[in-house]
Amino acid sequence: MFENFQSVVDADSEDRGLLEQIEPARLPKHIAIIMDGNGRWAKQRGKPRLFGHQEGAESVRAVLDTSVRLGIQAVTLFAFSTENWRRPQDEVTGLMQMLKLYLKREMKVVHGNNMRFRTIGDLESMPEEIQSAIEAARRQTEGNTGTILNLALNYGGKAEILQAVKKAVSKLGADGRVVSELSEDDVEKELYTSGLPDVDLLIRTSGEFRISNFLLWQIAYSEIYVTPVLFPDFRRTEFLKAIIEFQKRERRFGGVDGE
């Protein structure tokens, strides 16, 4: 299954040894990543925070390339939260410019790898030029059938659930149903991630043990992997380690061993 992967891995590299440990039949369908530690990585090197975000973009490329080669169904990246607007203005402005450039430059690679680009979050609050670039990227890749790149922008988990419940209740009324008939399926249909499988593996870099208001509904039964590695250093080797750790765990979904 990994023939197209073996060709880019050196025979004596650590990555080849890690790749050989992965069971193709037990790969996570949906991986979500809280990309933490860019600012700290830059500070350790006496650089401005944006330098860390720029290096983090290289890690994004490594994660996506690896996901495509492994055949991961969906990857959701926490790129910008609703709380990130509170950061220094020069950092926010720089992040928006980086995002704009990424959407223009990287979509050729994304499209060439048969990836489909999606976003989750309140896009109406994003700059208009970003909204236009997002829509162009979505249209360019909407016919692709490979790994889904799901970018969380101006995203907050509580806000997502709240808006989903409001929409679901509104539809109940329109259908002549009562609130007591509201089901999980009704709510899930209104989530940003509707149509995607729930998250199997949630990765957080930088060693912080927090969910940070990310995909609160979708990670109900996710395996959580926390690594002390700062995101700019989270390249293919670290990503493969996370998948191997995922495959070592027994997922019981509230049951007990043997059920």
Side-chain angles (χ1 to χ4, degrees), residues 2 5 8-10 13-22 27-81 84 87 91 94-95 98-99 101-102 105-106 109-110 113 115 147-153 155 199-215 218-219 222-249:
F2 299 145
F5 207 155
V8 298
V9 178
D10 295 335
S13 72
E14 181 180 2
D15 289 349
R16 179 170 291 273
L18 294 171
L19 187 61
E20 291 172 351
Q21 298 178 48
I22 291 178
L27 286 167
K29 293 180 181 179
H30 188 174
I31 300 175
I33 305 179
I34 300 174
M35 305 180 292
D36 197 16
N38 291 336
R40 273 170 283 172
W41 187 91
K43 185 177 180 180
Q44 289 173 1
R45 290 157 178 77
K47 302 284 188 178
R49 291 177 59 86
L50 278 176
F51 182 74
H53 294 303
Q54 290 167 353
E55 285 299 311
E58 294 297 325
S59 294
V60 169
R61 293 187 186 100
V63 165
L64 295 181
D65 178 74
T66 305
S67 297
V68 168
R69 294 179 185 278
L70 290 176
I72 303 299
Q73 184 174 332
V75 177
T76 298
L77 302 177
F78 203 3
F80 194 87
S81 75
N84 286 159
R87 293 186 175 186
E91 182 179 355
L95 285 170
M98 281 183 58
L99 177 59
L101 288 173
Y102 180 87
R105 294 177 179 175
E106 299 298 322
V109 176
V110 170
N113 283 327
M115 300 182 74
T147 300
I148 295 171
L149 165 56
N150 202 31
L151 208 59
L153 294 168
Y155 174 86
V199 176
D200 294 309
L201 172 61
L202 172 66
I203 299 171
R204 178 157 193 155
T205 59
S206 87
E208 300 290 345
F209 287 84
R210 292 192 300 273
I211 301 302
S212 294
N213 199 20
F214 185 46
L215 299 177
Q218 297 87 340
I219 64 170
S222 300
E223 296 299 323
I224 300 177
Y225 177 84
V226 177
T227 174
V229 175
L230 303 180
F231 190 68
D233 293 325
F234 189 83
R235 303 297 168 91
R236 183 167 60 201
T237 299
E238 299 301 328
F239 190 46
L240 292 175
K241 288 178 180 178
I243 293 173
I244 290 170
E245 175 60 28
F246 166 83
Q247 293 189 336
K248 290 178 180 178
R249 300 182 186 178

With sequence neighbours left out, the residues meeting salt bridge (Lys or Arg N to Asp or Glu O under 4.0 Å) with Glu245 are Arg249
CG (Leu64) and CZ (Phe239) are apart, to the nearest 0.5 Å, by 8.5 Å
Exercise. With the side chain counted from C-beta on, respond yes when Leu230 and Gln44 share a heavy-atom pair under 4.5 Å apart, and no when they do not.
Key: yes
Nearest heavy-atom approach of Ile244 to Ile22 is CG1-CG1, 3.8 Å
Output, in order, the C-alpha distance, side-chain angles, deciding distance and verdict of side chain to side chain contact (heavy atoms under 4.5 Å, CB included) for Ile243 and Leu70.
-> CA-CA 11 Å; Ile243 293 173; Leu70 290 176; 3.5 Å; yes
Is there a side-chain contact between Gln247 and Leu27, using heavy atoms and a 4.5 Å cut-off? yes
With side chain to side chain contact (heavy atoms under 4.5 Å, CB included) as the criterion, how do Arg61 and Glu106 come out once you've worked through the C-alpha distance, each side chain's angles and the decisive distance to 0.1 Å? CA-CA 9 Å; Arg61 293 187 186 100; Glu106 299 298 322; 2.8 Å; yes
dist Leu95:CG -> Phe80:CZ (nearest 0.5 Å) comes out at 6.5 Å
Dump the intermediate steps for side chain to side chain contact (heavy atoms under 4.5 Å, CB included) on Phe246 and Asp200, then the final yes or no.
CA-CA 9 Å; Phe246 166 83; Asp200 294 309; 4.0 Å; yes
Sidechain-backbone polar pair: Ser222 side chain, Val199 backbone, donor-acceptor under 3.5 Å: yes
| What do the steps show when you test Val229 against Thr205 for side chain to side chain contact (heavy atoms under 4.5 Å, CB included), and what is the final call? | CA-CA 6 Å; Val229 175; Thr205 59; 5.6 Å; no
All heavy atoms of Asp15 vs all of Arg236, minimum pair found to be OD2-NE, 3.1 Å
Practice item. Would you mind checking if Glu14 and Lys241 are paired as a salt bridge, meaning a charged N to carboxylate O distance below 4.0 Å? Key: yes
To the nearest 0.5 Å, atom NZ of Lys29 lies from atom CD1 of Ile72 at 11.5 Å
Those residues at least two apart in sequence (or on a different chain) that pass side chain to side chain contact (heavy atoms under 4.5 Å, CB included) with Gln54 are Phe51, Met98
Applying side chain to side chain donor-acceptor pair (under 3.5 Å) to Asn38 and not counting sequence neighbours gives His53
Taken to the nearest 0.5 Å, the spacing of Leu153 CG from Leu151 CG works out to 4.0 Å
All heavy atoms of Glu238 vs all of Asp233, minimum pair found to be CG-O, 3.9 Å
Residues Ile33 and Ile31: closest non-hydrogen pair is CG1-CG2, 4.2 Å
Contacts of Ser59 meeting side chain to side chain donor-acceptor pair (under 3.5 Å) (sequence neighbours excluded), chain-then-number -> Arg235
Look at Glu55 together with Lys47 and state whether they make a salt bridge at an N to O cut-off of under 4.0 Å.
-> no
Rounded to the nearest 0.5 Å, the CZ atom of Phe231 sits from the CD1 atom of Ile203 at a distance of 9.0 Å
Q) Are the side chains of Leu202 and Ile211 in touch, meaning some heavy atoms are under 4.5 Å apart? A) yes
For Arg49 and Gly39, the nearest pair of non-hydrogen atoms, with its separation, is NH1-CA, 3.6 Å
Taken in chain and number order and not counting sequence neighbours, the residues that satisfy side chain to side chain donor-acceptor pair (under 3.5 Å) with Arg87 are Glu91
Separation between CD (Gln218) and OG1 (Thr76), nearest 0.5 Å, reads 8.0 Å
- Message: Would you say that Thr147 contacts Asn113 through its side chain, given a criterion of any heavy-atom pair below 4.5 Å between the two side chains?
- Response: no
For Leu215 and Ala32, the nearest pair of non-hydrogen atoms, with its separation, is CD1-CB, 3.7 Å
query = Is the Phe78 ring parallel, tilted or perpendicular to the Phe214 ring (thresholds 30°, 60°)?
reply = parallel
- Query: Asp65 side chain to Ala62 main-chain N or O, any donor-acceptor pair under 3.5 Å?
  - Reply: no
Arg105 meets the salt bridge (Lys or Arg N to Asp or Glu O under 4.0 Å) criterion, sequence neighbours left out, with none
